[in-house]
Number of protein chains: 2
Amino acid sequence: MSAPASKSPATLHDVAREAGVSLATASRSLNGSARKVNEAYRQRVVEAAQRLGYTTNLFAQAVAKGSTTTVALLVADIADPYFSSIAAGVINAANEEGLVVTIAVTGRDTQRELDTVRALRGQRPRVMILAGSRTTGSAYEEQLRSELASFEDTGGKVSFISQDAAPFATVLLDNRGGARDLAVALAELGYRDFAVIAGPREIRTAQDRLEGFAEGLAEHGIPLAPERVVHADFTRDGGYRGAQELLAAGADVDLVFAVNDVMAVGVVSALRDAGIEPGSGIGVAGYDDIPTVRDITPALTTVRIPLEDVGRRALQLATGSAYDDGVPDSGEGPAPIPTETVLRGSTPRR
Amino acid sequence: MSAPASKSPATLHDVAREAGVSLATASRSLNGSARKVNEAYRQRVVEAAQRLGYTTNLFAQAVAKGSTTTVALLVADIADPYFSSIAAGVINAANEEGLVVTIAVTGRDTQRELDTVRALRGQRPRVMILAGSRTTGSAYEEQLRSELASFEDTGGKVSFISQDAAPFATVLLDNRGGARDLAVALAELGYRDFAVIAGPREIRTAQDRLEGFAEGLAEHGIPLAPERVVHADFTRDGGYRGAQELLAAGADVDLVFAVNDVMAVGVVSALRDAGIEPGSGIGVAGYDDIPTVRDITPALTTVRIPLEDVGRRALQLATGSAYDDGVPDSGEGPAPIPTETVLRGSTPRR
DNA sequence: CCTAACAGAGAAAGCGCTTACCGAGCAGGC
DNA sequence: GCCTGCTCGGTAAGCGCTTTCTCTGTTAGG
């Protein structure tokens with residue numbers, strides 16, 4: 001495959017020459033400028049651009065204007081439906097505003113997250129959205145925050161998804177409340193012996209769900225013994241192994257709550273492999289309401305989050321274009337996104 | 001949240017001044033330049049950059065160098081596991097090469113695809129990867145191709161995923177062959193009365209799978225009547241409705257093949273809702289081997305594609321960094337990615 | 001010692017675009 | 001009819017970088 005002649009793309013200069021006008025006029029005609037341009041001229045320029053197949057070089061435009069149209073999105077794992085749904089929301093919202101989104105994945109690795117943030121800053125994005133970030137306890141937390149703070153100092157906007165990360169904007173998910181409601185609903189269904197597959201300890205979101213769940217149980221006077229909690233890594237396999245661990249410990253459990261659906265799916269599989277029927281044998285519940293859980297058997301009880309909306313709002317929060325769509329936006333303090341407990345076959349009444 | 005003073009980010013100029021060297025030296029020290037720089041100077045510059053929290057402005061660098069480090073990825077729907085897995089592959093491979101990826105979604109809409117390609121060109125990406133594109137029959141096809149051709153003329157590289165799109169590079173998936181093998185395997189299992197939920201007619205990938213499947217059946221002397229083929233849109237709901245349609249037509253079917261797993265999941269659900277047990281009643285098979293299908297009941301028979309690898313290779317194909325990883329790379333003609341029929345519970349022996 | 005050859009720092013000219021600023025042309029007012 | 005005041009092209013100065021080219025300071029060879 002020998003490199004073809006490869007002329008470089010037409011520049012504004014070429015367009016101006018082709019149209020027989022000045023560079024300035026060409027620029028004004030093509031990119032929405034405040035200044036008016038004689039319609040006849042504009043026409044000529046547009047046609048010339050057409051003819052040459054010209055597209056504005058966004059990079060050059062960015063350096064000239066000193067601002068870009070890029071949104072950077074950091075997710076832990078794009079193949080995870082939780083994140084890909086959020087990404088869909090961000091991308092759609094961004095496109096509507098003529099913004100372009102750059103995605104990077106951090107693989108749930110703190111060091112990599114930090115490196116990625118740094119690298120992404122080179123793009124001078126208008127907005128940086130962090131989903132699935134660990135903002136708790138890690139040695140890197142401070143570095144991350146200072147990196148982000150400096151990003152905001154230089155005119156960027158950051159928004160977090162899920163856990164509160166003041167002073168940065170956040171699309172707050174009421175993880176604690178959602179889990180609490182779920183616990184209450186399950187207790188009311190008659191479950192008593194709970195175990196939970198928690199997430200990584202350093203992830204606030206995971207921790208909140210765990211704590212909220214315990215709170216809900218407490219309201220019904222049900223304790224959650226520490227040995228009934230195993231920590232896993234948010235993956236299906238993690239959930240699978242977590243369930244095995246629980247089973248091996250021989251505890252008398254009638255419901256397993258996994259703090260995300262992906263792990264819950266693993267739990268269902270582990271139970272089945274151990275000869276226990278999920279649902280009728282041991283109840284299973286998850287969190288997120290990813291599409292899959294409606295299709296497995298039994299369908300999973302979970303807590304629904306409007307993931308795509310979450311992505312949308314994360315962007316709007318940053319661009320300030322949050323036209324009010326029903327979700328109360330009480331000034332500064334962002335109201336959490338409402339979640340909803342969805343009871344399905346995996347948790348029949350006891 | 002009043003806008004803070006918002007100083008602009010440190011520039012190379014600032015760094016140079018801070019380090020007491022010239023702009024040129026600063027540039028050379030920070031970004032791998034061919035020219036050598038006295039180590040003592042380099043040190044000073046690096047430290048100064050550190051101190052100022054400087055990160056190279058990639059945009060400015062791009063305009064100066066005349067080339068970017070961006071990869072543009074177009075997918076039909078990022079929330080679809082097929083695409084998000086591919087995206088994961090692309091992103092990982094790109095990160096390894098220090099490239100940044102921009103994702104746009106086209107929503108399976110031709111006009112939008114074309115617009116998106118145009119918009120993305122403004123970013124002057126090094127590479128443009130198209131997955132799930134319609135390259136057949138649409139009125140826009142020619143426009144798309146000419147847009148892409150012109151992109152390549154100006155130094156870009158495009159690579160397609162799935163269907164051959166000569167003269168552009170392609171990560172060829174042997175859709176026809178994979179479907180043929182699947183059909184053969186199913187026929188050998190004893191199935192005789194087939195129906196298929198095909199994809200949109202204008203999508204080559206969908207069409208190939210349909211045709212390959214028919215070929216496989218033909219090898220066993222089994223016909224596939226046109227009324228046994230319904231077209232749907234690659235979504236779960238599409239699959240659901242397709243199956244309903246088939247059922248309503250009252251055909252005597254013992255196996256439904258949906259040309260992608262997402263629709264197959266819909267089929268399973270539709271059958272169940274109609275009181276027919278998927279597997280023991282009517283067999284179901286899909287294509288892609290997305291994670292979900294292993295977890296539903298019955299687990300779905302399907303054709304496995306190493307999706308992440310596909311994404312990886314799409315990038316490598318374009319950047320020319322295809323270190324040989326076992327997949328034969330016979331010079332120009334790209335060998336198709338090998339697929340594998342995976343028989344599971346949804347197609348028990350008859 | 002002197003000259004040739006070579007490093008390697010710095011000055012400056014771009015890269016493709018935006019945007020003051022300038023100035024020509026024209027309309028209207030007195 | 002002359003002046004004021006618009007309107008709207010064009011000129012040119014950047015934006016933050018890279019890179020060529022110039023030029024000085026060293027080193028080495030004779």
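Keep in mind that what you see is a predicted model, and the values were worked out from it rather than measured. Residue numbers start from 1 in every chain, and the chains themselves are labelled A, B, ... in the order their sequence lines are given, proteins ahead of strands.
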Evaluate the side chain to side chain contact (heavy atoms under 4.5 Å, CB included) criterion for residues B/Asn57 and A/Val63: first the C-alpha distance (whole Å), next the side-chain angles of each, then the deciding distance (0.1 Å), finally the verdict. CA-CA 9 Å; B/Asn57 181 329; A/Val63 31; 5.6 Å; no

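- Annotation for B/Gln50: atom CD does not count as buried by contact number, only 12 or fewer foreign heavy atoms lying within 6.0 Å.
- Contact annotation: A/Tyr41 side-chain N/O to D/dT7 OP1/OP2 distance is not under 4.0 Å.
- What separates CZ of A/Phe59 from P of C/dT18 is a distance of 15 Å, to the nearest Å.
- One finds a salt bridge joining A/Glu147 and A/Arg121 here, because a Lys/Arg side-chain nitrogen approaches an Asp/Glu carboxylate oxygen to under 4.0 Å.
- Ranked by how close their nearest DNA chain D nucleotide is to the 5' end, B/Ala26 and A/Lys36 are led by A/Lys36.
- Across D/dC8, C/dC17, D/dG9, the shortest atom-to-atom separation from the side chain of A/Thr25 is found for D/dG9.
- Counting only heavy atoms from C-beta on, A/Arg35 has its side chain closest to D/dG9 among D/dG9, D/dC17, C/dC17.
- When rounded to the nearest whole Å, the span between CG of A/Asn57 and C1' of C/dT18 equals 13 Å.
- In this structure, B/Leu58 atom CG and D/dC15 atom C1' are separated by 15 Å, rounded to whole Å.
- Rounding to whole angstrom units, CZ of residue A/Arg17 and P of C/dG16 are separated by 12 Å.
- Closest to the side chain of A/Ala60, out of D/dT19, C/dC17, D/dC8, is C/dC17.
- Close to D/dT18, at under 4.0 Å from its OP1 or OP2, lies a side-chain N or O of B/Ser27.
- For the pair B/Asn38 and C/dA7, the criterion of a side-chain N or O lying under 4.0 Å from OP1 or OP2 is not met.
- Between A/Ala24 and B/Lys65, the one whose closest nucleotide on DNA chain C sits nearer the 5' end is B/Lys65.
- Summarising the geometry, the separation between NE2 on A/His13 and C1' on C/dC15 is reported as 13 Å, rounded to the nearest angstrom.
- The CD-P distance, from A/Gln61 to D/dG16, rounds to 16 Å in whole Å.
- In this structure, B/Ser22 reaches the C/dG10 phosphate: one of its side-chain N or O atoms is under 4.0 Å from OP1 or OP2.
- The only member of B/Gln111, B/Arg118, B/Arg112 that meets side-chain hydrogen bond (donor to acceptor under 3.5 Å, both in side chains) when paired with B/Asp115 is B/Gln111.
- Side-chain atoms of B/Val63 lie closest to C/dG16 of the nucleotides D/dG9, C/dG16, D/dT18.
- Residue A/Arg124 places no side-chain atom within donor-acceptor reach of the base of D/dG16, judged by atom type and a 3.5 Å distance cut-off alone.
- When distances run from any side-chain atom of B/Asn31 to the nucleotides C/dC17, C/dT19, D/dT18, the shortest one goes to D/dT18.
- With contacts defined as side-chain heavy-atom distances shorter than 4.5 Å, the pair B/Leu12/B/Arg17 does not qualify.
- Interface remark: the B/Arg28 side chain does form a donor-acceptor pair with the D/dT20 base, using a distance-only criterion of under 3.5 Å.
- One interatomic measurement links the two molecules: CG of A/Leu23 to P of D/dG14, which rounds to 17 Å at whole-angstrom precision.
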